[in-house]
Asker: 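Sharing a structure here in structure tokens format.
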Amino acid sequence: MANALTRLQAIIITIIIIVAVVAGIAVWMQTGGGGAPVTVELTGNLETDIINIGKALQDNGVNTVKYTVWSGGDPNSVMRIYGIVEAAERINKIWSDHGINVKIEVSTYYASNPNSVYQDYLSKWGLGQAPDIMANGYVYIASLADEGYVLDLTDYLNKYTSFLNNFYQSLITVMKYKGRIYGIPQDTEARPIYIRKDVATCAGIDLSGLAEKVKNGEFTWKDLYNLAKQAKDKGCAEWGLIHRKGSAHPDLIQFIYAYGGKLYDENTGKLVLDKEAVYKWFATEKAFVDAGLLPSDMMSWDWGKQIHPTVVDGKTFAFIGGVWHWTEWQTKSYYTDPNTGELRPLTAEEVKKFFYYTLFPAGEPGKKPVTLSQPFAWMINSKAGYQNPDYDRLKDIYHKLAFLLVVKASDPDIIALHSIMSSHLPVTKEAADLLGNKQWIDNLKSLSFILSDKVRNEIKSIVEKTANSINIEFLKNVTYMLEYTTFTPMHPQYPKLADYFADAIDKVLRGQMSPEDAVNYLVQKINADPDLKDNTEIIGEIPTGWSFP
């Protein structure tokens with residue numbers, strides 16, 4: 001009897017051990033204890049891919065997925081983070097509609113200085129504390145890709161060709177680094193020349209059809225110089241031209257492109273110092289200074305105390321600005337009210353009344369007008385999803401879900417909404433079309449279009465201030481400028497070259513160097529820096545017999 005009980009006990013114990021082992025293996029498999037990686041192939045159909053990934057997460061015991069998104073900029077550009085929040089809400093709804101018990105939770109961080117966000121990303125990446133998704137300037141792509149800090153999205157986007165083709169292709173081109181795509185455009189801008197209508201009227205200048213003449217290359221910088229001089233000589237404006245201060249990056253390098261020059265050689269991957277185009281840029285600005293049309297200390301002016309007040313108070317004929325200034329002048333107190341003497345923002349009606357806008361003119365006959373863009377890009381951490389369960393085994397799914405979040409955040413209404421709120425240009429044609437859709441705009445003004453409660457509450461006050469017909473008409477009217485846009489080189493050494501440009505033009509404006517000496521000064525600076533020298537081609541010659549105006 002005793003032996004029989006012992007055998008029974010042994011059988012029971014054996015069964016318990018087997019069950020425990022099987023259960024343990026199941027738990028081990030579920031928690032990523034060395035099981036095979038799980039993957040879901042993308043189909044290119046967004047809803048299908050969202051559903052497939054949701055089911056895969058659910059099947060592997062994951063019901064909550066956490067992501068973080070960082071970005072920065074002016075207060076009106078917060079859709080750079082809330083776009084991802086809205087995308088998560090829309091994906092959650094798709095999962096809910098299909099009975100999939102998974103939710104995405106998004107944490108956000110937004111700073112006023114995008115560069116500080118980039119620096120934080122660099123410092124936090126090695127610690128595993130960088131965000132899963134970041135919206136920031138495309139110029140950072142090269143450095144982040146070189147370090148392996150962002151995902152190569154090329155293979156994902158090869159499945160999403162329709163999605164990719166909807167963007168303005170020039171914006172996709174600058175998302176590439178060494179032939180691979182590391183970012184998806186989030187927003188962009190153009191840099192028009194603003195001309196004061198009241199100053200022009202005072203000087204007897206007819207602006208009718210001017211933008212078309214600029215577009216056709218029939219109006220060049222020499223023509224702009226002559227009009228600015230006419231306005232100054234007739235006492236209608238204190239200055240003929242005002243532009244940015246500090247670094248010459250990026251507004252002033254438009255002169256290089258307008259004179260037919262280039263800053264980057266795609267074939268060699270090197271920066272370019274185009275001596276002829278740079279000389280013509282310097283000579284043009286010197287002529288403005290010599291005629292008293294441009295301040296000699298322009299590069300040291302203060303934005304809030306000098307540059308913007310001079311522009312909005314009508315003390316200059318022309319201003320090299322950006323599309324975002326259109327709404328900035330409506331939100332910041334740069335304007336001195338002529339009745340009260342108090343500083344206040346302009347109204348939308350006043351901005352429309354005061355300012356004419358056009359492309360940056362061609363440098364000289366035979367050349368083309370330009371503008372310059374610095375698009376923001378969605379970039380995905382190469383460790384995206386790292387804070388979620390079973391990361392090693394489900395990494396591929398977390399990466400692809402982060403990508404789908406960005407795709408969803410690129411819905412036309414989200415892009416168009418961001419454009420209106422921040423006065424940036426839409427990055428896709430579908431979003432641009434919405435700016436001309438009266439029904440959609442009416443719904444936006446009443447915040448009655450489909451948007452999650454969470455995001456609607458966050459942006460309500462901004463929409464109330466910016467969603468007016470004047471601002472939307474402006475955005476619609478300047479979107480064509482993207483067809484003429486140029487970009488700053490996405491090269492790790494470019495910021496150093498840009499600083500030398502700023503130094504050189506400052507010396508020209510102050511009369512410390514001739515344009516020719518300033519070009520030679522740049523050559524010396526490049527040759528004295530081994531890294532810059534190895535990464536820069538010096539082409540062309542300073543022209544002889546060329547003069548401005």
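Only a predicted model underlies this, so the values are computations on that prediction, with no experimental measurement involved.
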Asker: Applying salt bridge (Lys or Arg N to Asp or Glu O under 4.0 Å) to Lys176 and Asp152, what does each step give before you reach the verdict?
Answerer: CA-CA 10 Å; Lys176 294 180 180 177; Asp152 177 352; over 6 Å; no
Asker: Is the closest side-chain heavy-atom distance between His399 and Ile380 below 4.5 Å?
Answerer: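 His399 does not reach Ile380 side chain to side chain.
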Asker: Is the shortest distance from a Lys or Arg side-chain nitrogen in Lys178 or Asp146 to a carboxylate oxygen in the other one below 4.0 Å?
Answerer: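 Yes, charged N to carboxylate O under 4.0 Å.
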Asker: Could you tell me if the side chain of Glu41 sits less than 4.5 Å from the side chain of Asp49, heavy atoms only?
Answerer: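 Contact flag for Asp49/Glu41 side chains = no.
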Asker: For a 4.5 angstrom cut-off between non-hydrogen side-chain atoms, does Tyr168 reach Leu425?
Answerer: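 When only atoms from C-beta onward are counted, Leu425 and Tyr168 do not touch, as no gap falls below 4.5 Å.
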Asker: Which of these passes ring-ring contact (aromatic ring centres under 6.0 Å, His included) with Trp329: Tyr335, Phe474, Tyr194, Trp324?
Answerer: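 Of Tyr335, Phe474, Tyr194, Trp324, ring-ring contact (aromatic ring centres under 6.0 Å, His included) with Trp329 is met by Tyr194 alone.
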Asker: Heavy atoms, side chains only, cut-off 4.5 Å: are Tyr357 and Trp326 in contact?
Answerer: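 When only atoms from C-beta onward are counted, Trp326 and Tyr357 do touch, with a gap below 4.5 Å.
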Asker: Do Ile253 and Leu372 have side chains that get closer than 4.5 Å, going by heavy atoms?
Answerer: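 Yes - at least one pair of side-chain heavy atoms lies under 4.5 Å apart.
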Asker: Just grab all the ring pair (Phe, Tyr, Trp, His ring centres under 6.0 Å) pairs involving residues 128-154, residues at least two apart or on different chains.
Answerer: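 Listed once each, the pairs are Tyr118-Tyr140, Trp125-Tyr149.
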Asker: I'd like to know whether Ile193 forms a side-chain contact (heavy atoms from CB on, under 4.5 Å) with Val214, so could you lay out the CA-CA distance, the side-chain angles of the two residues, the decisive distance to 0.1 Å, and finally the verdict.
Answerer: CA-CA 11 Å; Ile193 297 289; Val214 172; over 6 Å; no
Asker: Check whether any side-chain N or O of Thr327 sits under 3.5 Å from a backbone N or O of Gln330 as a donor-acceptor pair, and report yes or no.
Answerer: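 It does not hold such a pair.
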Asker: Is it true that Lys400 and Asp396 make a salt bridge, defined as a side-chain N closer than 4.0 Å to a carboxylate O?
Answerer: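 Yes.
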Asker: Is the Tyr182-Trp378 ring centre distance short of 6.0 angstrom?
Answerer: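 No: the rings miss the under 6.0 Å criterion.
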Asker: Any salt bridge linking Asp411 with Lys408? Criterion: basic side-chain nitrogen under 4.0 Å from a carboxylate oxygen.
Answerer: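 Yes.
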Asker: Look at Lys262 together with Asp274 and state whether they make a salt bridge at an N to O cut-off of under 4.0 Å.
Answerer: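 No.
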Asker: So Asn471 and Ser423, do their side chains get closer than 4.5 Å, heavy atoms only?
Answerer: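 The answer is no; the side chains never approach within 4.5 Å.
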Asker: Centroid-to-centroid, Trp221 to Tyr259, below 6.0 Å?
Answerer: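 Distance test on ring centres: not under 6.0 Å, no.
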Asker: Considering only heavy atoms from C-beta outward, does the side chain of Tyr264 approach that of Lys270 to under 4.5 Å?
Answerer: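 No - every pair of side-chain heavy atoms lies 4.5 Å or more apart.
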Asker: Could you list the residues that satisfy ring-ring contact (aromatic ring centres under 6.0 Å, His included) with Tyr67, not counting sequence neighbours?
Answerer: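 Scan of Tyr67 (ring-ring contact (aromatic ring centres under 6.0 Å, His included), adjacent residues dropped) gives none.
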Asker: Do you know the tightest heavy-atom contact between Ala258 and Lys367?
Answerer: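 Looking at all heavy atoms of both residues, the closest pair is O-CB, 3.3 Å.
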Asker: Looking at Phe376, I'd like to know if the NZ or CZ of Arg80 sits under 6.0 Å from its six-membered ring centre while staying within 45 degrees of the ring's axis.
Answerer: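 Judged by the rule (NZ or CZ under 6.0 Å from the ring centre, within 45° of its axis), Arg80 counts as positioned above Phe376.
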